[in-house]
Number of protein chains: 2
Amino acid sequence: MTRANEAWESLMRAYAVLMKQFGAEDVWGDLTMREYDVLYTLSKCDGPLRMSELNRHVLLSQPALSRMVDRLVDRGLVDRCTDPGDRRGVRLSLTPAGRKTQQEIGRPHARSVTRALNVLTPQELEQLAVITRKLAGNEER
Amino acid sequence: MTRANEAWESLMRAYAVLMKQFGAEDVWGDLTMREYDVLYTLSKCDGPLRMSELNRHVLLSQPALSRMVDRLVDRGLVDRCTDPGDRRGVRLSLTPAGRKTQQEIGRPHARSVTRALNVLTPQELEQLAVITRKLAGNEER
DNA sequence: TTAAGGTAGATGCAAACGCATAGAACTTGA
DNA sequence: TCAAGTTCTATGCGTTTGCATCTACCTTAA
């Protein structure tokens with residue numbers, strides 16, 4: 001077993017453990033973590049996002065994401081409108097209610113994340129950020 | 001935004017990117033990645049595993065895992081028998097066919113993992129392993 | 001201009017998922 | 001010893017997922 005494989009296995013395990021831990025916390029209101037992830041991703045981008053862009057960030061198939069966005073639009077959290085420049089496409093953004101919901105959930109969740117990752121030294125945190133950024137392919141933007 | 005939150009976001013993103021990349025590869029036969037994950041986890045443990053143990057390693061709810069094991073048993077890849085010491089529980093292990101399947105998929109997948117993580121220096125790989133082990137809580141066993 | 005090919009997102013459908021809860025087996029304390 | 005509480009896995013049920021495919025729109029080149 002190579003170092004690379006050991007590192008990947010360990011990363012997967014850390015991800016699973018932490019996700020379960022976060023998922024078990026009572027901060028999600030009536031959103032699933034996956035739905036929150038979509039709202040969060042939208043909240044980080046100033047301009048509106050394309051479905052395909054969003055899909056790159058979220059671990060969901062394109063059809064599943066399409067329908068999840070449907071539901072979020074129905075619930076008044078996300079705004080979807082046809083891209084005027086390319087009418088196949090779509091421009092997604094948070095509604096004010098969506099932004100509010102994201103923030104209300106995001107605050108306590110961010111505290112949980114901080115708490116969980118503070119088992120690491122500041123130096124390790126920095127190394128982790130550098131390494132994972134490199135792994136994600138460093139897609140500029 | 002704290003360092004911890006940045007690191008976590010970056011980790012999530014790396015996980016999503018790599019999982020999509022691996023999932024898109026044509027190495028999974030008629031297993032899903034989640035099913036492979038179960039076979040892989042079983043393959044790493046010498047003795048049989050309890051459902052609850054297995055569930056700690058896999059990002060699935062307990063009922064979903066229970067039914068997935070059902071299917072794997074039906075397909076002849078996993079062996080499930082009541083734990084003689086605690087008859088509520090269950091002992092799970094790979095059948096010979098299950099072990100064979102795991103290895104056949106595992107070989108090419110491991111190569112993909114190695115390729116993907118080799119954008120990191122050996123030192124970074126080592127740091128990543130140390131850090132993620134620490135994050136996973138270092139549950140001894 | 002228009003036909004051929006490609007890309008973005010939506011939809012039909014069967015399979016899989018999570019939540020709540022049931023059932024069976026252990027444990028504990030009176 | 002036995003009732004109450006806990007733990008482990010399974011099951012009912014409505015929702016969500018992925019795969020395959022579809023439609024609509026854009027692009028290219030003849």
Side-chain angles (χ1 to χ4, degrees), chain A residues 16 19-39 41-42 47-75 77-93, chain B residues 16 19-39 41-42 47-75 77-93:
Chain A
M19 283 303 266
K20 288 211 170 191
Q21 195 172 301
F22 296 145
E25 291 179 11
D26 186 26
V27 302
W28 304 105
D30 47 6
L31 293 186
T32 63
M33 272 200 290
R34 286 172 156 184
E35 287 168 337
Y36 173 75
D37 194 19
V38 166
L39 296 192
T41 304
L42 287 176
L49 228 58
R50 289 313 223 54
M51 198 70 104
S52 52
E53 274 299 317
L54 184 54
N55 199 191
R56 229 189 303 290
H57 296 261
V58 171
L59 207 42
L60 265 181
S61 69
Q62 178 271 315
L65 178 59
S66 181
R67 277 189 259 243
M68 177 180 286
V69 167
D70 263 2
R71 278 171 259 136
L72 293 172
V73 169
D74 286 346
R75 291 164 69 176
L77 301 174
V78 167
D79 187 64
R80 167 175 45 194
C81 61
T82 317
D83 186 326
D86 178 352
R87 277 158 43 210
R88 293 169 302 184
V90 111
R91 295 153 55 92
L92 301 169
S93 52
Chain B
M19 283 304 267
K20 288 210 171 191
Q21 195 173 302
F22 295 145
E25 291 178 11
D26 187 26
V27 302
W28 303 104
D30 47 5
L31 292 186
T32 64
M33 271 199 290
R34 287 172 157 185
E35 286 168 338
Y36 172 76
D37 192 20
V38 166
L39 295 193
T41 304
L42 287 176
L49 228 57
R50 289 312 224 54
M51 197 71 101
S52 52
E53 273 301 315
L54 184 54
N55 199 194
R56 230 189 302 291
H57 296 260
V58 172
L59 208 42
L60 265 181
S61 68
Q62 178 271 316
L65 178 60
S66 180
R67 278 189 258 243
M68 177 182 285
V69 167
D70 263 1
R71 278 171 258 137
L72 293 172
V73 169
D74 286 346
R75 291 164 69 177
L77 301 174
V78 167
D79 187 63
R80 168 176 45 194
C81 62
T82 317
D83 185 327
D86 177 353
R87 278 157 43 210
R88 294 168 301 184
V90 112
R91 295 153 54 92
L92 301 168
S93 51

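Throughout, protein chains are lettered first and strands after them, A, B, ... in sequence-line order, and every chain is numbered starting at 1.
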Quick check for you: among [options], whose closest atom lies nearest to any side-chain atom of [X]?
X       : options                : answer
A/Arg71 : D/dG18, D/dT16, C/dC26 : D/dT16
B/Arg88 : C/dT7, D/dT11, C/dA24  : C/dA24
B/Met68 : C/dC17, D/dT17, C/dG9  : C/dC17

Starting at the 5' end of DNA chain C and moving along, which residue's nearest nucleotide shows up first, A/Asp86 or A/Arg67?
A/Asp86
May I ask you to verify whether the side chain of A/Gln62 and the base of C/dA8 hold a donor-acceptor pair under 3.5 Å?
no
Taking only side-chain nitrogens and oxygens of [X], does any of them come within less than 4.0 Å of OP1 or OP2 of [N]?
X       : N      : answer
A/Arg91 : C/dA8  : no
B/Arg50 : D/dT9  : yes
B/Ser66 : D/dT9  : no
B/Arg80 : D/dA10 : yes
B/Ser52 : D/dT9  : yes

Please round to the nearest 0.5 Å and tell me the distance separating atom CG of A/Leu54 and atom CG of A/Leu60.
9.0 Å
Does A/His57 offer a backbone N or O that forms a donor-acceptor pair with the side chain of B/Lys20 under 3.5 Å?
no
